[in-house]
A.B. asks: 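Just dropping this structure here.
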Amino acid sequence: MIHSQPGILAPVPRLARYLTFVLEPGADPSGPLRVLADEIDVEGCVLGVGRSLALALGRKVPGLHEFPPRSAAGIEVPSTPAALWIWLRGDDRGELLHRSRAVEATLAPAFRATGVIDAFQYGASLDLTGYEDGTENPKDQAAVEAAVAAGIGSGYDGSSYVAVQQWQHDLARFEAMPRAERDAMMGRRLEDNEEIDDAPPSAHVKRTAQESFDPAAFVVRRSMPWAEGARAGLVFVAFGRSLDAFEALMARMTGAEDGITDALFRFTRPLTGAYFWCPPIANGRLDLRALGL
Ligand code: HEM
């Protein structure tokens with residue numbers, strides 16, 4: 001039986017740790033990856049492979065390309081590719097730390113961790129602005145159709161593509177805006193999470209209304225807040241059966257179609273941006289056949 005990695009469709013955990021790795025120069029990643037695939041608890045994490053890692057294994061994953069950098073007036077959307085991404089899911093920070101140390105030790109001969117982000121759930125899946133995040137996520141079979149590739153061949157069916165961006169909020173700037181302005185920026189009312197029909201076209205949920213795209217741009221968002229000292233924001237994570245839906249959404253957020261940029265950029269900005277391919281699960285373990293492993 002072919003399945004997707006369970007953490008993709010499961011609800012967002014209470015706590016998480018995101019690890020990003022690059023390859024050490026000249027290193028052969030196949031040994032450490034094989035060991036990791038044997039050791040890893042697929043219920044407790046989601047793993048994504050970057051294009052550079054697939055190439056280092058002599059493979060090209062169809063549809064996996066680099067995250068395109070974008071810019072608009074006063075806005076930068078950077079591209080910060082990496083070889084490997086691991087989203088450790090849990091509910092105990094100490095246990096997450098120990099699991100991440102074990103993963104790093106397994107990968108150490110060939111991979112170097114370049115990013116570690118501790119993330120958490122705020123209330124009932126709120127962004128740190130207080131607005132509920134994930135309301136319009138497709139559910140059940142619609143989530144499977146949006147996030148899981150099918151009919152593209154063995155080793156690929158059951159896989160997903162993921163876009164990951166660490167956003168940093170300027171919460172002081174956000175809080176300085178009157179409530180009505182904040183609601184208009186989001187396109188939803190904080191009070192009851194209702195959509196504001198006559199919100200301006202720059203409102204985030206107007207920009208990203210999934211059904212308004214042709215074809216519809218459904219993604220399964222699994223974002224989580226992060227905080228470190230006084231810095232804080234959202235780790236935006238969107239799974240798709242390809243990267244097309246995310247690209248269409250981001251193009252519209254940055255005004256590619258009509259020059260109108262997403263109001264979110266008034267108080268938050270992406271620090272990173274990368275794409276990964278999340279291999280399927282076969283017989284309870286990561287199926288790395290497409291990578292020749
Ligand atoms: C700091 C960054 C972001 C924040 C704080 C944020 C927050 C939100 C909130 C509060 C909602 C409304 C509730 C919901 O349906 O989830 C929403 C909706 C949505 N967001 Fe974001 N978002 C961010 C970035 C992004 C990015 C980068 C994308 C894609 C490129 C995106 C795509 C969407 C989509 C598709 C929806 C649902 C729209 C609909 O069909 O109604 N968001 N977001």
Side-chain angles (χ1 to χ4, degrees), residues 4 7-13 16 46 77 87 119-149 160-167 169 174 179-226 233-258 260-268 270 273 275 278:
S4 57
I8 296 173
L9 295 170
V12 168
V46 176
V77 178
W87 174 27
F120 53 92
Q121 201 179 130
Y122 172 38
S125 230
L126 307 179
D127 173 61
L128 288 171
T129 51
Y131 289 81
E132 185 179 297
D133 190 15
T135 314
E136 290 296 336
N137 259 336
K139 295 183 181 59
D140 305 325
Q141 189 53 30
V144 175
E145 275 161 30
V148 184
S160 287
Y161 297 79
V162 66
V164 184
Q165 288 180 299
Q166 181 180 19
W167 290 70
H169 294 354
F174 183 78
R179 167 71 66 79
E181 196 176 334
R182 300 182 206 174
D183 285 356
M185 247 175 2
M186 293 292 186
R188 280 186 182 268
R189 282 203 303 259
L190 179 74
E191 197 185 321
D192 55 9
N193 198 28
E194 280 302 310
E195 221 174 316
I196 303 169
D197 289 337
D198 58 354
S202 61
H204 180 51
V205 304
K206 294 274 185 207
R207 289 281 96 190
T208 56
Q210 296 160 103
E211 278 167 340
S212 70
F213 290 81
D214 185 18
F218 284 104
V219 287
V220 171
R221 286 168 293 133
R222 293 287 186 253
S223 310
M224 294 181 76
W226 64 274
L234 187 74
V235 182
F236 176 84
V237 174
F239 293 97
R241 56 184 302 142
S242 79
L243 294 165
D244 296 351
F246 173 82
E247 294 217 337
L249 292 161
M250 187 45 86
R252 201 185 273 170
M253 283 178 70
T254 49
E257 291 168 15
D258 53 9
I260 300 173
T261 52
D262 197 301
L264 279 184
F265 287 105
R266 293 178 55 202
F267 75 92
T268 185
Y275 287 156
C278 305

A.B. asks: Whether the side chain of S160 engages the backbone of A147 through a donor-acceptor N/O pair (distance < 3.5 Å, no angle test) should be reported.
C.D. replies: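 Confirmed, S160 side chain pairs with A147 backbone.
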A.B. asks: Is a side-chain donor or acceptor of R189 paired with a backbone partner of I196 at a separation under 3.5 angstrom?
C.D. replies: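 Judged by distance alone, no pair lies under 3.5 Å.
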A.B. asks: Within this structure, what is the CE-CZ distance for the pair M185 and F265, rounded to the nearest 0.5 Å?
C.D. replies: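 With rounding to 0.5 Å, CE (M185) is 12.5 Å from CZ (F265).
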A.B. asks: Counting only heavy atoms not in D258, do more than 12 fall under 6.0 Å of its CG?
C.D. replies: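 Check passes, neighbour count above 12.
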A.B. asks: Given 3.5 Å as the limit, does a donor-acceptor pair link the side chain of S223 with the main chain of V237, or not?
C.D. replies: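 Checked: pair present.
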A.B. asks: Is the ring pair F246/Y275 parallel, tilted or perpendicular, if the boundaries are 30 and 60 degrees?
C.D. replies: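 Correct class here is perpendicular.
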A.B. asks: List the steps and the verdict of side chain to side chain contact (heavy atoms under 4.5 Å, CB included) for V205 and E195.
C.D. replies: CA-CA 8 Å; V205 304; E195 221 174 316; 4.0 Å; yes
A.B. asks: Can you tell me if CD on E211 sees more than 12 non-hydrogen neighbours from other groups inside 6.0 Å?
C.D. replies: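 It does not: E211 CD has 12 such atoms or fewer within range.
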A.B. asks: Report yes or no: does K206 contribute a side-chain atom to a donor-acceptor pair with the main-chain N or O of D197 at less than 3.5 Å?
C.D. replies: yes
A.B. asks: Which atom pair, heavy atoms only, marks the closest approach of R252 to A209?
C.D. replies: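 Of all heavy-atom pairs spanning R252 and A209, the closest is NH1-O, 4.4 Å.
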A.B. asks: State, to 0.1 Å, how close P138 and A146 come at their nearest heavy-atom pair, and which atoms those are.
C.D. replies: CG-CB, 4.0 Å
A.B. asks: Below 4.5 Å, heavy atoms only, C-beta onward: do L128 and F120 meet side chain to side chain?
C.D. replies: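 Yes. Closest side-chain heavy atoms under 4.5 Å.
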A.B. asks: When you compare the side chain of R222 with that of V162, does any pair of heavy atoms fall below 4.5 Å?
C.D. replies: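 Counting from C-beta outward, V162 and R222 never come under 4.5 Å.
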A.B. asks: Taking P13's backbone N and O only, do any of them form a donor-acceptor pair with Q121's side chain (distance below 3.5 Å, no angle check)?
C.D. replies: yes
A.B. asks: What's the verdict on side chain to side chain contact (heavy atoms under 4.5 Å, CB included) for Q141 and E145, showing C-alpha distance, side-chain angles and the deciding distance?
C.D. replies: CA-CA 6 Å; Q141 189 53 30; E145 275 161 30; 3.4 Å; yes
A.B. asks: So L234 and H169, do their side chains get closer than 4.5 Å, heavy atoms only?
C.D. replies: yes
A.B. asks: Would you mind reporting whether W167 and P225 have side-chain heavy atoms less than 4.5 Å apart?
C.D. replies: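 Result no, sub-4.5 Å side-chain heavy-atom pair not found.
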A.B. asks: Check whether any side-chain heavy atom of V148 sits under 4.5 Å from a side-chain heavy atom of F239, and report yes or no.
C.D. replies: no
A.B. asks: Could you point out which residue of H204, E136, E194 forms a side-chain hydrogen bond (donor to acceptor under 3.5 Å, both in side chains) with R188?
C.D. replies: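 Among the candidates, only E136 passes.
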A.B. asks: Quick one, F213 with L249, criterion side chain to side chain contact (heavy atoms under 4.5 Å, CB included). Give me CA distance, side-chain angles, the key distance, then yes/no.
C.D. replies: CA-CA 8 Å; F213 290 81; L249 292 161; 3.6 Å; yes
A.B. asks: Assess, by modelled atom type and distance only, whether the side chains of R266 and S202 contain a donor and an acceptor separated by less than 3.5 Å.
C.D. replies: no
A.B. asks: Does a donor on one side chain sit under 3.5 Å from an acceptor on the other, for Y131 and D183?
C.D. replies: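 A pair is found: one side chain offers a donor N or O, the other an acceptor, under 3.5 Å apart.
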A.B. asks: Testing the basics here: between G187 and A199, what is the closest heavy-atom pair and its distance to 0.1 Å?
C.D. replies: CA-CB, 4.0 Å
A.B. asks: Just verifying a value: how many Å separate D127 CG and F236 CZ, rounded to the nearest 0.5 Å?
C.D. replies: 11.5 Å
A.B. asks: Using modelled atom types and a 3.5 Å cut-off, is there a donor and acceptor pairing between side-chain atoms of T268 and backbone atoms of L264?
C.D. replies: no
A.B. asks: Measure from the side-chain N and O atoms of R207 to the backbone N and O of I260, and report whether any donor-acceptor pair falls under 3.5 Å.
C.D. replies: yes
A.B. asks: Tell me whether the rings of F267 and F174 are parallel (<30°), tilted (30 to 60°) or perpendicular (>60°).
C.D. replies: tilted
